[in-house]
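Each remark here refers to the structure printed beneath this line.
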Amino acid sequence: MEEQTVVLIVGAGPAGLATAACLTQLSIPYVIVEREDCSASLWRNRAYDRLKLHLAKEFCELPHMSYPAGAPTYIPKDQFVKYIDNYIERFDIRPKYQTAIESCSYDEGRKCWFSMARDMKTSMVVRYTAKFLVVASGENSAEDIPVITGLHRFAGEAIHSSRYKSGASYSGKNVLVVGCGNSGMEIAYDLASHGANTSIVIRSPVHVVIKEIIRLGMTLVQHIPVNVVDGLLVRLSNFVFGDLSKHGIVRPKLGPLLLKAKTGQSAVIDVGTISLIKNGTIKVLGNISKIEGDTVEFEGRKESTFDAIVFATGYKSTANTWLKNGESMLNDDGLPKQEFPNHWKGANGLYCAGLAKRGLAGIAMDAKNIASDILSSYHS
């Protein structure tokens, strides 16, 4: 079976859907494929129950559609999924679900992208040819768990944060959270709130702020130099939290907004975790050296036993497993070679959306840029 289209979009998460909507607005034909059986599967199936968007809603809209009047400033997971469903309906986006791209390469002779996909319901192979290819399979495509000596023999339960839903089933258990980003810090809070004896591994410097501070910063930086805004955000955060270094939390040298711009690392927006760390309810531990049975050994030979470990250690892109000839745009990790904001375009009609570690605001920018660029090439 073979299908021809102008644009092939790989992935029906927010990035793929936003690109589809922008192409629809410009009347450019496309096909969108998704390996899962639903859109935005990360949000529907791999997010913990208490999750809300960490940024205010004005920084989290997809192109051409605002949140409903009366929506809260910080959108809960279920309301975001409803927003996605309404977005799909409004722009009549029809993803081909359970369709996995197995290989995709550029045909120099035909000047098009040639893709081999498999219908996972029937195992039938489908071939797509497209003048333009949009990689929207996500920077959160596959779980990323670090290699730790003895982990495979851990006597308890070891899961990635994508499989964590709630701390309700961990009450009274000793649980270790590995990773101190927003997910790790919030999961630690959730576990402790449900009565788990909670510890968290904080392996690297991290900015901790409250949501009002980061919202102020993202508003000010549109009018004031980023270094000035960062200086203000750090002073405000120090005023709110005091010196956290005595609790094992050290700030990075770069300010929170500049760090995000240069590395993609987000500031942690505190949901109450810091107060539990300060009063000893949540213990902060250093790097893991090895695991033996249910005993985890940390740097400095400190040991503790755990019933469960939750790895909030992030995700990785899988684009390079199926995309051939993508070296004009992506590095060996399947992420853009070029820095933001010049990351979204490769050679021969190749684009990427949502791979710049810029959240939903970055996705919206990518989708608009890609659709506009395709429009200019399409008509020429």
Side-chain angles (χ1 to χ4, degrees), residues 47-61 67 71-80 161 167 177 179-194 198-284 312 314 357-362:
Y48 46 93
D49 293 344
R50 61 169 286 123
L51 178 65
K52 294 181 179 180
L53 295 185
H54 292 120
L55 300 180
K57 62 185 177 183
E58 63 262 32
F59 302 112
C60 297
E61 290 181 348
Y67 288 100
T73 303
Y74 297 90
I75 307 291
K77 176 183 78 168
D78 290 347
Q79 287 190 35
F80 182 70
S161 58
V177 178
C180 61
N182 277 297
S183 293
M185 290 289 223
E186 189 159 1
I187 287 170
Y189 176 83
D190 189 56
L191 285 162
S193 298
H194 281 94
T198 308
S199 302
I200 185 168
V201 171
I202 297 184
R203 301 174 295 167
S204 53
V206 61
H207 283 291
V208 182
V209 298
I210 57 174
K211 60 183 185 291
E212 292 82 5
I213 288 177
I214 208 71
R215 187 185 189 188
L216 173 67
M218 292 182 72
T219 304
L220 289 177
V221 79
Q222 298 173 48
H223 313 284
I224 300 172
V226 65
N227 60 315
V228 176
V229 177
D230 268 343
L232 174 63
L233 301 193
V234 169
R235 286 195 295 275
L236 288 172
S237 298
N238 286 339
F239 175 76
V240 171
F241 296 112
D243 180 13
L244 294 178
S245 60
K246 57 189 173 188
H247 301 288
I249 301 171
V250 180
R251 287 195 179 278
K253 289 184 170 63
L254 288 178
L257 297 182
L258 194 57
L259 185 70
K260 177 68 175 176
K262 287 189 172 296
T263 70
Q265 181 184 331
S266 298
V268 168
I269 297 170
D270 182 50
V271 295
T273 314
I274 297 302
S275 65
L276 297 184
I277 288 173
K278 285 180 172 180
N279 69 20
T281 302
I282 296 174
K283 298 178 180 64
V284 174
K357 298 185 178 179
R358 293 291 179 128
L360 292 163

Arg215: salt bridge (charged side-chain N to carboxylate O under 4.0 Å, His left out) partners, not counting sequence neighbours: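 So Arg215 forms a salt bridge (charged side-chain N to carboxylate O under 4.0 Å, His left out) with Glu58.
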For Arg235, which residues count as a salt bridge (charged side-chain N to carboxylate O under 4.0 Å, His left out) partner, sequence neighbours excluded?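 Partners of Arg235 under the salt bridge (charged side-chain N to carboxylate O under 4.0 Å, His left out) test: none.
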Indicate yes or no: at least one non-hydrogen side-chain atom of [X] is less than 4.5 angstrom from one of [Y].
X	Y	value
Met185	Val271	no
Phe241	Ile249	no
Lys52	Pro72	no
Phe80	Leu360	yes

Any idea which heavy atoms bring [X] and [Y] closest together, and the distance?
X	Y	result
Gly167	Asp190	N-OD2, 2.9 Å
Val268	Cys180	CG2-O, 3.1 Å
Cys60	Leu53	CB-CD1, 3.6 Å
Leu55	Ile269	CD2-CD1, 4.1 Å
Tyr74	Ala56	CE2-N, 3.5 Å
Ile202	Val284	CD1-CG1, 3.9 Å

At what distance, to the nearest 0.5 angstrom, does [atom1] of [X] lie from [atom2] of [Y]?
X	Y	atom1	atom2	answer
Ile214	Ser237	CD1	OG	7.5 Å
Ile282	Tyr189	CD1	OH	9.0 Å
His54	Ser183	NE2	OG	6.0 Å
Thr198	Lys283	OG1	NZ	8.5 Å

Quick one, Leu276 with Thr273, criterion side chain to side chain contact (heavy atoms under 4.5 Å, CB included). Give me CA distance, side-chain angles, the key distance, then yes/no. CA-CA 5 Å; Leu276 297 184; Thr273 314; 5.6 Å; no
Mind checking what makes ring pair (Phe, Tyr, Trp, His ring centres under 6.0 Å) contact with Tyr67, not counting sequence neighbours?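 By the ring pair (Phe, Tyr, Trp, His ring centres under 6.0 Å) rule, Tyr67 matches Tyr83.
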Applying side chain to side chain donor-acceptor pair (under 3.5 Å), which residue pairs with at least one partner in residues 218-229 are found, sequence neighbours left out? none
Does the pair Leu233 and Val209 meet the rule for a side chain to side chain contact (heavy atoms under 4.5 Å, CB included), with working shown? CA-CA 8 Å; Leu233 301 193; Val209 298; 5.6 Å; no
Run the side-chain contact (heavy atoms from CB on, under 4.5 Å) test against [X] and tell me which residues pass, sequence neighbours left out.
X	result
His247	Leu244, Ile277, Lys278
Leu236	Ile213, Leu216, Leu232
Asp49	Lys77, Lys165, Ser166

I'd like a table of donor-acceptor pairs (distance under 3.5 Å, sequence neighbours excluded) in which one partner is a side-chain atom from residues 250-264, with atom names and distances.
from, atom 1, to, atom 2, distance (Å)
Arg251, NE, Asn238, OD1, 3.2
Arg251, NH1, His207, ND1, 2.9
Arg251, NH2, Val208, O, 3.2
Lys260, NZ, Gly264, O, 3.2
Lys260, NZ, Ser266, OG, 2.9
Lys260, NZ, Lys357, O, 2.8
Thr263, OG1, Leu259, O, 2.7
Thr263, OG1, Gln265, N, 3.1

Side chain to side chain contact (heavy atoms under 4.5 Å, CB included) between Asp270 and Val240: does it pass, once the steps are laid out? CA-CA 11 Å; Asp270 182 50; Val240 171; over 6 Å; no
Side chain to side chain donor-acceptor pair (under 3.5 Å) involving Thr281 - partner list, sequence neighbours excluded: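 With neighbours one apart ignored, the set is Asn279.
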Might you work through the side chain to side chain contact (heavy atoms under 4.5 Å, CB included) test for Ile187 and Ser161, ending with a clear yes or no? CA-CA 8 Å; Ile187 287 170; Ser161 58; 3.7 Å; yes
